[in-house]
Asks: 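Have a look at this one.
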Amino acid sequence: MRVLFYNHTGQVSGAEYLLLMILARLDRARFQPVVLCPEQGPLQQRLKELDLPVVTVAGLDARFTFRGDQLFRYLKSFVHVVRDVRRKVIEANPDLIHANSIRAGLVATAATFNLKTRVVWHLHDLLPRHPLSTLIRAYAFLSSRARMIAVSRAVADNFCGSFSVLQSRVKVILNAIELDRFQPDAAAGKKTRDQLHLGAGDLLIGIVGQLTPRKGQLELVRAFARVVTDMPNAILLIVGAPLFNRDQKYAELIQTAIKELGVEATVRLTGARSDIPAVMQALDLLVVNSTVEPFGLVALEAMACNTPVIAALSGGIPEIIEHNWTGWLIPPGDEAALADAILYLGRRPEVRCKLTVQGQNHVASYFAADRYLADLEAFYGSICDQRAIAGENSALGQTEAARFA
Ligand code: GLC
């Protein structure tokens, strides 16, 4: 079965990490992958390292905005990319397109108009409150060829919104990680700590991910300024770089806050790093401080490395972490609660230890790449199996079976 993977950007962030995991492990005897993505950014290089056929496509410039002039520009970009994708889909003639974001799903579905190609939209994002979100839901609803994979139940519910009939086309496949890359390794952790010139008595707190407002790095810096007054051995490591939009400005805001709060000596901005397992192994605590988090791969990565996680309760986080068992949950956007949680866990190694034992166990049991690939391959199989579709008990399923036939 030929599967064409389409990624609308050439940058690598969470959705692309998951894509790379899928592509590295997909059973190539059953599925022949081709990847379509823009040239700009590191993704193509990473794909070539996996020895995969890669086809370049125009990059998509489109995001949510209320500004009419920008919307018009985005619409032009959308139409241009749809045409380019259509040409390339016709050449590749796939049995199935796996579109790795909502935007990619929209493009791929429009690009295959009257081609009958099945399109899987991989939903990694939460739709914001915006009139366009309703249009996207309506479009998905009307495109009976489209099926969706949601990275969490929260994402599935958000995507369907009031179109509850869409639920029958959405399958939740919780994300997973490579457990052989992310595993406890005290020696590797010590090495990273030595490189950072940290002593055994220092409490290393980290946040890992692109620098962008929804990840809440700025609020963490502010909470951390409260922490260090009570806990002078605490160090904050901010790992990541701005990737998209105007996030460079956000990175500057973080730097200014660090200076203004007088925490230059205890907060370190490392920029992007490629040795994330070694970072996770070095941390005493990982903070996930997002106000919007569709899933939160970094939480899994830390837990797999025996690092306890404090996470703001939003999006897919509660599907990964149970409070005071596999991790520690706090209300989102509450700096005081975050500072208190860091102080509480920072002073209690025995609670941290309990969380790491349960957390590691939980990730190993439910979030391994093998489980993921088995679910995904079964899903591909099910949507290409006419009888499976006809068997869907909704009226919608029947109509679709007729169209697929
Ligand atoms: C996106 C989401 C993130 C998720 C990742 C992988 O980057 O923002 O929450 O972990 O995709 O699905």
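Since the model is a prediction, treat every value here as computed from it, not as a measurement. Atoms within a ligand are numbered from 1 in the order they appear, just like the ligands themselves.
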Asks: Is any N or O atom of S13, backbone or side chain, closer than 3.5 Å to an N or O atom of ligand 1?
Replies: no

Asks: Mark yes or no for whether R145, through its side chain, and K116, through its backbone, hold a donor-acceptor pair below 3.5 Å.
Replies: no

Asks: What is the nearest protein non-hydrogen atom to atom 2 (C) of ligand 1, stated with its residue, atom name and distance?
Replies: H124 O, 3.4 Å

Asks: If the cut-off is 4.0 Å to any non-hydrogen atom of V151, which atoms of ligand 1 fall inside it?
Replies: 12 (O)

Asks: Would one find more than 12 heavy atoms of other residues, nucleotides or ligands at under 6.0 Å from atom CZ of R83?
Replies: no

Asks: Pairs of nitrogen or oxygen atoms closer than 3.5 Å, one from K215 and one from ligand 1: do any exist?
Replies: no

Asks: To the nearest 0.1 Å, how far is atom 6 (C) of ligand 1 from its closest protein heavy atom, and which atom is that?
Replies: N175 ND2, 3.3 Å

Asks: Does atom CG (D51) have a neighbourhood of more than 12 heavy atoms from anything else shown, all under 6.0 Å?
Replies: no

Asks: Please determine if F295 has a nitrogen or oxygen closer than 3.5 Å to a nitrogen or oxygen of ligand 1.
Replies: yes

Asks: Which of the numbered atoms in ligand 1 are below 4.0 angstrom from a heavy atom of R214?
Replies: 8 (O)

Asks: Output the distance between atom CG (L18) and atom CG (L23), rounded to the nearest 0.5 Å.
Replies: 9.5 Å

Asks: Pairs of nitrogen or oxygen atoms closer than 3.5 Å, one from L297 and one from ligand 1: do any exist?
Replies: yes

Asks: Regarding Q167 and D157, is there a side-chain donor-to-acceptor distance under 3.5 Å anywhere?
Replies: yes

Asks: Do you know which of R86, H80, K88 makes side-chain hydrogen bond (donor to acceptor under 3.5 Å, both in side chains) with D84?
Replies: K88

Asks: Give me the nearest non-hydrogen protein atom to atom 3 (C) of ligand 1 as residue plus atom name, then the distance to 0.1 Å.
Replies: E293 OE2, 3.3 Å

Asks: For ligand 1, which atoms have a heavy atom of G14 less than 4.0 angstrom away?
Replies: 5 (C), 6 (C), 7 (O), 11 (O)

Asks: Do D340 and R226 sit within salt-bridge range, that is, some charged N less than 4.0 Å from a carboxylate O?
Replies: no

